[in-house]
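Take a look at the structure set out below.
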Amino acid sequence: MQPVDGEGMPELPEVETVARALRPHLLGRRMTRVDVLTVKLRKPLASFKQKLADVLDKEIIKISRRAKYIVVEFAGMRVMLLHLGMSGSLKIVPGDVPAENHERIIWFFDDGRSLRFHDPRKFGLVDILPLQIPDSLPECLENLPPEPLGEHFSANYLYQLSRGRRRPIKSLIMDNSFVVGVGNIYASESLFRAGIDPLSPAGKLTLPRYQQLVQAIRQVLQEAIAAGGTTISDFSGVDGSEGTFARHLNVYGRAGKVCLTCNKAIILKTIIGGRSTFYCPHCQK
DNA sequence: AACACGTCCTGAGCGC
DNA sequence: TGCGCTCAGGACGTGT
C-alpha cells in the first residue's frame, strides 16, 4: 500500500509549505497573462476569467494561508484564492515550458517565469475576491472556524461543542464547521498520538481527553510543517522540496502492520464518515 | 476494481 | 405533522 506517495497531499501542513515556498518566487511579481486550460475545476471558471482583469499587472504583496486556502494578495484590494482539492499541486517553471497533461491554469509573470496548477481530478478551486482592508482576508475566510494552530482552538472549545453529539470523534475534528484544516491523514495520526479511539462518540469524551487531543493535533501539524509536509514534489528551485513527514506516520496506511508503539497489536482500518481510518486497538481506547 | 490527501449537497432519522 | 438539528453517504474527474 502506498497511500502517501506521488505528488500532492494537500492537507494543512502541505498547504502551509506551499504558501511559504511560493513567497520568494511571487512576492513583488506581477502577472502578465493567465492561461485557463479547462472550463471548470470544482466550479466553473468563467467568472474567475472575468475577474482576472482586476489583478493583471498588479504587484503581489502578500501570500498567506487560511484553512487549506492559499491567499495571494495584490495591490489594489484584491486577493486570489487557491485551493488544491484532493489532487492539486503547484510548481514554478520557466514561462516557455509547454503545458503538461492535467495542468489546468498557468500564470505568467513579469520575470519570465510561470506558476502551474496541476490537478488531475479537478477538485481544486481558484477565485478572485475583493478586500475591505489591505493586509486582511476576504470575508468568506475571515468568518471560518478556528485554525487548529491558532489561539482560539482549545480543549474547552472542542469539549463544549461536542456535548450531546454522538458522532465519532474523528468525524468531528474533520468537520470544517468546527475546526478547519484537519484532514484525513492527520486526523488519524492525531488520535493515535492522543491515545483516543477514533470511533469514540465525541460527546462522551472528557475535558482531559480533549486536552490530550488538542495538544496532539497541534504537535502533529507542527511537526509535519517542520518536515515540509508529506510530499511537495517537483517544486523547482525551492529548498527542501521533498516533504519528509511520510516516514513519521504511525498508523495512516499501515493496516495489517504491527503498531510501532506497542509493538504488539495490529493496526486496523475502518471507515468513518466515508473515509479510511487507521488506528491501534491497543494504544487507542 | 477498489480506492484516493477535500468539500459540498441531499435527505434520512431523530427529539421536541 | 412539522421544524430544526445531526450526521451518513454520495457526487464531483482521473489515476493507480
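Chain letters run A, B, ... following the sequence lines, proteins first, then strands; residues in each count from 1.
- In this model, the phosphate group of B/dG6 is not approached by any side-chain N or O of A/His83 to a distance below 4.0 Å at OP1 or OP2.
- Within the 3.5 Å criterion, the main-chain N or O of A/Pro281 finds a donor-acceptor partner in the side chain of A/Lys285.
- Heavy-atom neighbours of A/Gln160 CD from other residues, nucleotides or ligands within 6.0 Å: above the threshold of 12.
- Rounded to whole Å, the distance from CG on A/Leu125 to P on B/dC9 is 12 Å.
- The nucleotide C/dG15 finds its pairing partner in B/dC3, both defining distances of the Watson-Crick or G-U wobble pair being shorter than 3.5 Å.
- Among the heavy atoms of the strands lying under 4.0 Å from A/Arg165 are primed sugar atoms or P, OP1, OP2 only; no base atom is included.
- Each of B/dC5, C/dT14, C/dG15 was ranked by its minimum atom distance to the side chain of A/Asn101; first place goes to C/dG15.
- Distance from the side chain of A/His102 is smallest for C/dG15 among the nucleotides B/dC5, C/dC7, C/dG15.
- A/Lys170 places its NZ atom 13 Å from the C1' atom of C/dA8, with the value rounded to the nearest Å.
- Closest contact between the side chain of A/Met174 and the listed nucleotides B/dG6, C/dG15, C/dC7 involves B/dG6.
- Taking atom CD of A/Glu14 as the reference point, atom C1' of B/dG6 lies 13 Å away to the nearest angstrom.
- Contacts of A/Gly274 with the nucleic acid, taken as non-hydrogen atoms under 4.0 Å apart, are absent.
- Taking atom CG of residue A/Leu144 and atom C1' of nucleotide B/dG6, one finds them 14 Å apart after rounding to whole Å.
- With both pairing distances under 3.5 Å, B/dA12 is matched to C/dT6 as a Watson-Crick or G-U wobble pair.
- At the heavy-atom level, A/Gly85 lies under 4.0 Å from the strands shown only through sugar-phosphate atoms.
- A cation-pi contact, defined as under 6.0 Å to the ring centre and within 45° of the axis, links A/Arg33 to A/Phe108.
- For B/dG6, the base is stacked against the aromatic ring of A/Phe123, per a cut-off of 5.5 Å between centres and 30° between planes.
- For A/Lys40 and C/dG13, the shortest distance from a side-chain N or O to OP1 or OP2 is below 4.0 Å.
- Straight-line distance from the CG atom of A/Asn176 to the C1' atom of B/dG6: 8 Å, rounded to whole Å.
- Of the candidates C/dT14, B/dC5, C/dA8, the closest approach to any side-chain atom of A/Ser171 belongs to C/dA8.
- Taking atom CZ of A/Arg275 as the reference point, atom P of C/dG9 lies 13 Å away to the nearest angstrom.
- With a glycosidic angle more than 90° from 0, B/dG13 adopts the anti conformation.
- As rounded to the nearest Å, B/dT10 and C/dG13 have P atoms that lie 16 Å from one another.
- The side chain of A/Lys122 places no N or O atom within less than 4.0 Å of a non-bridging phosphate oxygen (OP1 or OP2) of C/dC12.
- Here the closest non-hydrogen pair linking A/Pro130 and A/Pro138 is O-CB, 4.1 Å.
- Electrostatic pairing of A/Lys91 and A/Glu100 counts as a salt bridge here, judged by a charged N lying under 4.0 Å from a carboxylate O.
- Ion pairing of A/Lys58 with A/Glu73 is absent here, as no side-chain N (NZ or NE/NH1/NH2) approaches a carboxylate O to less than 4.0 Å.
- The side chain of A/Arg121 contributes no N or O atom lying less than 4.0 Å from OP1 or OP2 of C/dG15.
- Between B/dC5 and C/dC7, the two P atoms lie 22 Å apart (nearest whole Å).
- Note that A/Arg65 lies outside the cation-pi zone of A/Tyr69, set by a 6.0 Å cut-off to the ring centre and a 45° limit from the axis.
- Remark: P of B/dG13 and CZ of A/Arg166 are 14 Å apart, rounded to the nearest angstrom.
- Comparing the P positions of B/dT7 and C/dT16 gives a spacing of 23 Å, expressed to the nearest Å.
- Remark: P of C/dT14 and CD of A/Glu103 are 16 Å apart, rounded to the nearest angstrom.
- Proximity of A/Arg42 to the phosphate of B/dC8: a side-chain N or O atom is located under 4.0 Å from OP1 or OP2.
- Counting non-hydrogen atoms under 4.0 angstrom, A/Pro201 reaches nothing in the nucleic acid.
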